[in-house]
Peer 1: 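Here it is: the structure, laid out below.
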Amino acid sequence: MKRYPPLERAITYIEAHLNEYIGLNEVSRETGYSYYYMTRLFSSVLGESVGHYINRRRLYNASEKLIHSDQKVIDIALDCGYESSEAFSRAFKAVFGYSPVAYRKAGLDLVIKAKKELAPEDVCHIANHISHAPKIILLGETEVAGLRGTTSLSDNQLPGLWEQFHGLNKDFSPHLRDMASVKRRRRLIQKTATRYIPS
């Protein structure tokens, strides 16, 4: 599994200094990598810039404080690295769709739109498209149909694959419905047979 030590170090540094006035320059200096390298690394692995990541992490912390503390909005803004309540309110509303005051008053908890803390070990899972906490579900016997294809960000083949799949689905739908009907009848017969006890 491919690892990204520079990115892991960057995230550790960001989390330790989240409430300070840090940006890409400080993160680059701390990790020992260039401004441009860190920009590319964050964008390619996490899908966002360093500044965007830091901002969303601060806003997540702010949303938690708004709901779970009675701190004043201005104090939360300053604690989260914003220079004024106005700048904080604009940034907060851009992500959550509500001003901090309205968010607190409504008791909303829209943290799904914010950025939770990333542990350094999470980076390799994200980079390798691996779920950090897999959920194992046991299913009964089932029939699965699908298509095999290869796609990438630069050459997106997904729309064509979906179109092809839907075309197959139309062709096979009556057949699949018939199979499902036969299976339902079989199950009903089996249940009836297990309940019937001859005298």
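The first residue in the sequence is number 1, and the count goes up from there. Quantities reported herein were computed from a predicted structural model and do not represent experimental measurements.
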Peer 1: At what distance, to the nearest 0.5 angstrom, does CG of Leu66 lie from CG of Leu59?
Peer 2: 10.0 Å

Peer 1: Considering non-hydrogen atoms only, spot the tightest contact between Ser28 and Thr31 and give its length.
Peer 2: O-OG1, 3.2 Å

Peer 1: Taking C-beta and beyond as the side chain, do Phe92 and Ser99 meet within less than 4.5 Å on heavy atoms?
Peer 2: no

Peer 1: Quick one: closest heavy-atom pair of Pro6 and Leu41, and the distance?
Peer 2: CB-CD2, 4.0 Å

Peer 1: Check for me, please, whether Tyr21 and Tyr35 land in the same ILVMFWY cluster - side-chain distances under 4.5 Å, paths through other members count.
Peer 2: no

Peer 1: Would you give the length of the straight line joining atom CG of Asn19 to atom CZ of Arg57, rounded to the nearest 0.5 angstrom?
Peer 2: 9.5 Å

Peer 1: Checking Arg58 side chain against Leu18 main chain: does a donor-acceptor pair fall under 3.5 Å?
Peer 2: yes

Peer 1: Would you confirm whether Glu26, through its side chain, and Gly23, through its main-chain N or O, come within 3.5 Å as a donor-acceptor pair?
Peer 2: yes

Peer 1: Identify every side-chain donor-acceptor pair in residues 70-84 under 3.5 Å, counting partners at least two apart or on other chains, and give the distances.
Peer 2:
{"residue": "Gln71", "atom": "NE2", "partner": "Asp79", "partner atom": "OD2", "Å": "2.8"}
{"residue": "Tyr82", "atom": "OH", "partner": "Asn55", "partner atom": "OD1", "Å": "2.2"}
{"residue": "Ser84", "atom": "OG", "partner": "Ala87", "partner atom": "N", "Å": "3.1"}

Peer 1: Under a 4.5 Å cut-off applied to non-hydrogen side-chain atoms, are Tyr33 and Arg9 in contact?
Peer 2: yes

Peer 1: Taking the side chain from Arg104 and the backbone from Ser69, do they hold a donor-acceptor pair closer than 3.5 Å?
Peer 2: yes

Peer 1: Quick one, Val50 and Thr39 - any side-chain contact, counting heavy atoms below 4.5 Å?
Peer 2: no

Peer 1: Check whether Ser43 reaches the backbone of Arg40 with its side chain - one donor and one acceptor, N or O, closer than 3.5 Å.
Peer 2: no

Peer 1: Could you give the distance from CD (Glu30) to CD1 (Ile14), rounded to the nearest 0.5 Å?
Peer 2: 10.5 Å

Peer 1: Side-chain contact test, heavy atoms from C-beta onward, threshold under 4.5 Å: evaluate it for Leu24 versus Phe42 and give yes or no.
Peer 2: no

Peer 1: Measure the spacing between OG1 of Thr150 and CG of Asp155 and express it to the nearest 0.5 Å.
Peer 2: 10.0 Å

Peer 1: Under 3.5 Å, is there a donor-acceptor pair between the side chain of His17 and the main chain of Tyr13?
Peer 2: yes

Peer 1: Taking the side chain as every heavy atom from C-beta outward, state whether Tyr60 and Val95 have any atom pair closer than 4.5 Å.
Peer 2: no

Peer 1: Drop me the distance from Ser49's OG to Arg56's CZ, to the nearest 0.5 angstrom.
Peer 2: 10.5 Å

